[in-house]
Number of protein chains: 2
Amino acid sequence: MPESVSGTVSGRRPTHPETSRIRLETVLSALADPVRLSIVGALADGHDDMACVAFDLPVSKSTSTHHFRVLREAGVIRQYYEGTARMSCLRVADLEERFPGLLTAVLDAERARRG
Amino acid sequence: MPESVSGTVSGRRPTHPETSRIRLETVLSALADPVRLSIVGALADGHDDMACVAFDLPVSKSTSTHHFRVLREAGVIRQYYEGTARMSCLRVADLEERFPGLLTAVLDAERARRG
DNA sequence: TTCGTAGTTTGACAATCGTCGTAGTACGAC
DNA sequence: GTCGTACTACGACGATTGTCAAACTACGAA
């Protein structure tokens, strides 16, 4: 967390990489974890925006935070606050622009893996 | 190395996963490394089959062996011997069958990253 | 058979990763 | 204000990963 500009404590202003700076290896390694893959799958199939709490992950709260952070810093999801709830949504358009077809293929594969 | 059936020393009969057993997370994490990504890129763009030695990787021999093994065990490449040379080729059709569009998208992204 | 080439195996190492519990912070409701 | 909820931060831990050098194996050629 390098530059937290204005007054608020860090963590309240999540940093997102610009689309042009999203790196392939980072995205792939972000997606290469079962917990994070299931988050991404849930975001894609379920509701577009979801709070962390809605995911019901098989890990502790702090581990959840960690995984969401990895996804956000990789450029896979965008996060913002809605009250105390951390909402997340997939950066579908950004990813499609940067790596055409990649997210679609991964989501298809993940869907097949589960259903 | 569980079951090496006939007499030969292990390592000479590389084990490849069946297409149906290729796992998404394993493939993604295999591709999430710059060295392995460059191997895959070289295999896709260059010649279909290449010996390890032809890749000119920025790592030692043993590290090379390690990376090829990860790719092979993930189901991304197929390997066989041609004399003492270990030849490698992408399992394009198998991957397309298992995870349609995935390899293509990754290769496009990798190509863009380099060119 | 001897030599060189190509790759593997082993064991080591530092770095990263996924996990947790505890403590802390921000917000909404009361 | 106080309380509860939702999440983050901070260590800590064991497991995995990427790396290497050294010793070894398999094959082809001289």
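Here is how names work: the chains are called A, B, and so on, in the same order as the sequence lines, proteins then strands, and each is numbered from 1. As the structure is a computational prediction, the values presented were derived from the model and not from experiment.
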Novice: Does OP1 or OP2 of C:dT8 have a side-chain N or O of B:T65 closer than 4.0 Å?
Specialist: yes
Novice: Given atom CD1 of B:I77 and atom P of C:dG7, what is their separation to the nearest angstrom?
Specialist: 12 Å
Novice: Any N or O donor-acceptor pair linking the side chain of A:S62 to the base of C:dG21 at under 3.5 Å?
Specialist: yes
Novice: Is the phosphate of D:dC20 approached by B:S60 (side-chain N or O, under 4.0 Å from OP1 or OP2)?
Specialist: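 Yes.
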Novice: Check the distance between D:dT8's P and A:Y81's OH and give it to me in whole angstrom.
Specialist: 4 Å
Novice: On DNA chain C, nearest-nucleotide positions of A:S29 versus B:R72: which is more 5'?
Specialist: B:R72
Novice: Go through the steps for B:E110 and B:L31 under the test side-chain contact (heavy atoms from CB on, under 4.5 Å), then give the verdict.
Specialist: CA-CA 10 Å; B:E110 161 69 1; B:L31 296 174; over 6 Å; no
Novice: By nearest atom, which of the nucleotides C:dA6, C:dG21, D:dC7 is closest to the A:K61 side chain?
Specialist: D:dC7
Novice: Strictly below 4.0 Å: does A:T84 bring a side-chain N or O up to OP1 or OP2 of C:dC27?
Specialist: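 Result: no.
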Novice: Quick one: which of C:dC27, D:dC10, D:dT19 gets closest to the side chain of B:V59?
Specialist: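 The answer is D:dT19.
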Novice: Output the rounded distance in Å from CZ (B:F68) to P (C:dT9).
Specialist: 15 Å
Novice: Say you draw a straight line from CZ of B:R21 to CZ of B:R98; how long is it, rounded to the nearest 0.5 Å?
Specialist: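 The CZ atom of B:R98 is 10.5 Å from CZ of B:R21, to the nearest 0.5 Å.
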Novice: Once rounded to the nearest 0.5 Å, what's the spacing between atom OG1 of A:T26 and atom CG of A:L71?
Specialist: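 Answer rounded to 0.5 Å: 12.0 Å.
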Novice: Check the phosphate of C:dT19 against A:H67, side-chain N and O only, distance under 4.0 Å to OP1 or OP2. Yes or no?
Specialist: yes
Novice: Could you give the CZ-to-P distance, from A:R86 to C:dC27, as a whole number of Å?
Specialist: 12 Å
Novice: NE2 of B:H66 versus C1' of D:dG18: gap in Å, rounded?
Specialist: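 It is 6 Å, rounded to the nearest whole Å.
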Novice: State which residue, out of A:L90, A:V35, A:D45, fulfils the side chain to side chain contact (heavy atoms under 4.5 Å, CB included) condition with A:V40.
Specialist: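 The passing option is A:L90.
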